[in-house]
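Structure, as structure tokens:
Just so we're on the same page: letters track the sequence lines, and every chain starts at 1. Just so you know, these numbers come straight off a predicted model, no measurement behind them.
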Protein chains: 2
Amino acid sequence: MPTQSDVAARAGVSTATVSRVVNNTGIFSADVRERVLSAIQDLNYVPDASARALALQRSGTLGAIIPTLNNAIFAEGINAFEKAAQALGYTLILSVSQQDPEREHDLIIKMIERGVDGLLLVGNLHKQAALERLEQAGVRHVCTWAFDEQSRSANVGFDNRESMYGVVDHLVDLGHRHIAMMAGIAQDNDRAKDRIAGVRERLENKGLSLPASSVVEVEYSVADSRKAFQHIIKPDTTALICGNDVIAYGALLEAQSIGLAVPEHLSITGFDDLSLSSQLSPALTTVQVGAEVMGETAAKKLITAVENEEPVGSTQLHTRLIVRETTGTARQ
Amino acid sequence: MPTQSDVAARAGVSTATVSRVVNNTGIFSADVRERVLSAIQDLNYVPDASARALALQRSGTLGAIIPTLNNAIFAEGINAFEKAAQALGYTLILSVSQQDPEREHDLIIKMIERGVDGLLLVGNLHKQAALERLEQAGVRHVCTWAFDEQSRSANVGFDNRESMYGVVDHLVDLGHRHIAMMAGIAQDNDRAKDRIAGVRERLENKGLSLPASSVVEVEYSVADSRKAFQHIIKPDTTALICGNDVIAYGALLEAQSIGLAVPEHLSITGFDDLSLSSQLSPALTTVQVGAEVMGETAAKKLITAVENEEPVGSTQLHTRLIVRETTGTARQ
DNA sequence: CTGAAAGCGCTAACAA
DNA sequence: TTGTTAGCGCTTTCAG
């Protein structure tokens with residue numbers, strides 16, 4: 001691998017000059033510029049990012065630690081995050097925590113080692129120790145998929161509790177009084193917890209309730225959702241709120257397979273608005289979250305903050321209830 | 001940020017010694033070891049990966065460049081790739097090419113800049129110039145999702161042509177003679193091309209054919225697939241082969257919505273075996289590809305090759321036809 | 001078993 | 001406008 005000094009020798013200039021034309025910084029004559037550029041071409045010179053990072057104390061990378069990639073909505077968010085980062089000249093370093101807080105902690109340390117300029121995290125539930133390390137290392141981070149005024153971290157996301165108000169309102173307006181919920185696994189997952197809390201809170205505000213016996217937590221899997229379905233639906237249940245679209249697919253498919261009419265007998269709602277949701281029949285009533293905007297916003301804010309040497313701020317995003325065909329008036 | 005010499009000062013040793021205990025290399029007394037370790041703890045010392053990479057000429061990272069993350073099967077493969085890399089102490093650098101060969105070329109150069117120890121690419125269609133740069137830089141790479149004996153790159157994947165033989169055989173055995181295909185967009189995509197070629201080749205071997213008028217290329221989208229469906233199904237078509245599961249979902253949903261019985265009137269097959277496919281009704285007949293094994297194998301092979309300073313070899317994986325409910329005997 | 005010192009490839013003053 | 005030089009933080013001979 002040719003280095004900067006190989007280029008310098010070939011172009012008959014100093015390494016400092018090579019650096020200047022490569023980074024288009026400072027002033028140099030057109031002649032020198034040409035010679036350096038053609039030397040670079042001739043040698044297939046590629047600058048060494050490690051050496052550059054060491055000298056600059058900036059890596060030009062953004063990190064992201066997510067629970068899993070096997071969840072379309074995270075994949076979509078990261079896709080947008082990477083796209084925005086790439087457009088601004090940054091490279092993505094991605095790690096998967098497998099929903100494990102300890103592992104996440106270790107990965108955060110690794111990100112500090114790697115010298116990422118900014119870090120995307122999911123949710124607001126993180127080990128305090130890890131957050132302190134980030135602060136100590138001066139690595140900016142944003143927590144996505146959540147929005148909490150109280151959070152000590154910058155948030156780029158929506159309030160998961162509030163995002164459920166709209167679905168509860170919608171259902172109650174349709175006359176539903178016996179509502180059950182199939183939520184995501186809430187352990188170590190503030191988004192799932194908040195969605196349950198939001199449903200419960202809103203129902204109670206309306207004089208209704210969500211007893212523990214009316215909520216099950218299920219894996220992000222259509223098969224698991226189908227299995228759980230029978231246990232949660234009681235004779236008087238007229239509506240089922242699902243913590244995400246995949247769980248809703250399972251509920252819908254299972255309802256159909258046991259001959260339970262949707263929405264005539266049972267209304268079902270999802271969360272995420274995956275692209276398939278509008279195509280099913282009946283089409284799924286769900287909550288749109290804007291994963292793409294979230295990922296893009298997170299990247300841009302992180303980069304702006306780094307380059308201007310200012311702290312990252314939060315931005316609240318909002319979800320939107322998309323009423324389609326899986327919800328209807330409650331049967332009597 | 002504390003550096004190695006801060007730790008050295010605090011522990012009353014040289015930086016060389018700190019390096020030795022951090023990397024657990026060479027020999028040192030238990031006493032020194034203790035002192036260094038507690039100095040590291042006290043200071044929250046984190047080694048600098050850039051400096052380390054510069055000195056070692058090894059980064060401890062693996063790169064991956066994929067067409068998109070908005071495709072469940074790539075997301076699954078990368079998830080496995082990252083998991084295996086993480087388990088072996090490597091960090092993932094991920095970039096998305098958006099199916100653009102030029103962009104992929106630039107991203108490959110960026111990966112060289114980053115000093116990745118190994119690189120995962122998708123398919124066998126890459127700019128020659130980029131491949132040469134990889135070679136010149138001594139960066140090992142594997143091409144996944146494809147297997148071609150002729151390829152000059154190491155392959156970890158399956159033969160897309162051959163993988164279609166099984167579905168053609170299955171359909172022909174069921175009596176189908178008029179078969180159409182909804183393929184993925186073939187431009188700059190050897191996997192999509194090869195799947196079309198495989199279907200055509202096998203049909204011709206059996207005295208049948210796949211005229212150009214019987215194949216459409218559609219985006220990876222249920223909505224687009226639904227739109228294309230009507231144009232490709234002719235009155236005598238009894239079976240439809242889809243280039244991936246998402247396209248098949250669109251075909252299935254559209255068939256159902258226009259009252260076309262599956263598989264009685266039309267048989268449909270997919271490709272990928274996404275987890276939803278077994279849950280639909282009728283459940284989708286499809287081709288299982290083992291994305292997880294592929295990602296894991298790619299990471300392990302790359303790392304083994306790097307650490308043993310040997311070239312990476314290819315490994316051929318095999319797909320498996322999963323017969324479910326969307327295929328049946330051809331109507332007369 | 002441990003320390004001193006050179007060097008990985010690049011950038012940033014400071015001179016010229 | 002350009003070159004010289006001193007690091008950035010780490011590893012690795014080579015001495016001791």
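- At D:dG9, none of the side-chain N or O atoms of B:T3 fall inside 4.0 Å of OP1 or OP2 (strictly under the cut-off).
- Partner of B:N124 under the side-chain hydrogen bond (donor to acceptor under 3.5 Å, both in side chains) criterion, out of B:N160, B:T144, B:D194, B:N155: B:N155 alone.
- Minimum atom distance to the side chain of A:A16 is reached by D:dT4, of the listed D:dT4, C:dT2, D:dT11.
- D:dG9 atom C1' lies 5 Å from atom CG of A:L54, rounded to whole Å.
- Within the structure, every side-chain polar atom (N or O) of B:S14 is placed at least 4.0 Å from both OP1 and OP2 of C:dT2.
- Rounded to an integer number of Å, the gap from B:I27 CD1 to D:dT12 C1' is 15 Å.
- Looking only at distances, no side-chain donor or acceptor of B:D190 sits under 3.5 Å from a matching main-chain atom of B:G123.
- A:L302 has its side chain within reach of A:F81: a pair of non-hydrogen atoms, C-beta onward, lies under 4.5 Å apart.
- For A:Q57 and D:dG9, the shortest distance from a side-chain N or O to OP1 or OP2 is below 4.0 Å.
- Rounded to whole angstrom, the span from the CZ atom of A:R114 across to the C1' atom of D:dG9 amounts to 14 Å.
- B:V32 comes within 4.0 angstrom of sugar-phosphate atoms only, judged by non-hydrogen atoms across all strands, and of no base.
- Between B:T25 and D:dT11, a side-chain N or O to OP1/OP2 separation shorter than 4.0 Å is absent.
- Side chain of B:R20, nearest nucleotide from C:dC10, C:dG3, D:dG9: C:dG3.
- Here the C1' atom of nucleotide C:dC8 and the CE atom of A:M1 are 13 Å apart, to the nearest Å.
- B:Q4 places its CD atom 18 Å from the P atom of D:dG7, with the value rounded to the nearest Å.
- Under 4.0 angstrom from either OP1 or OP2 of C:dT2 there lies at least one side-chain N or O belonging to B:S29.
- Between the CZ atom of B:R58 and the P atom of D:dG9 there is a distance of 24 Å, given to the nearest Å.
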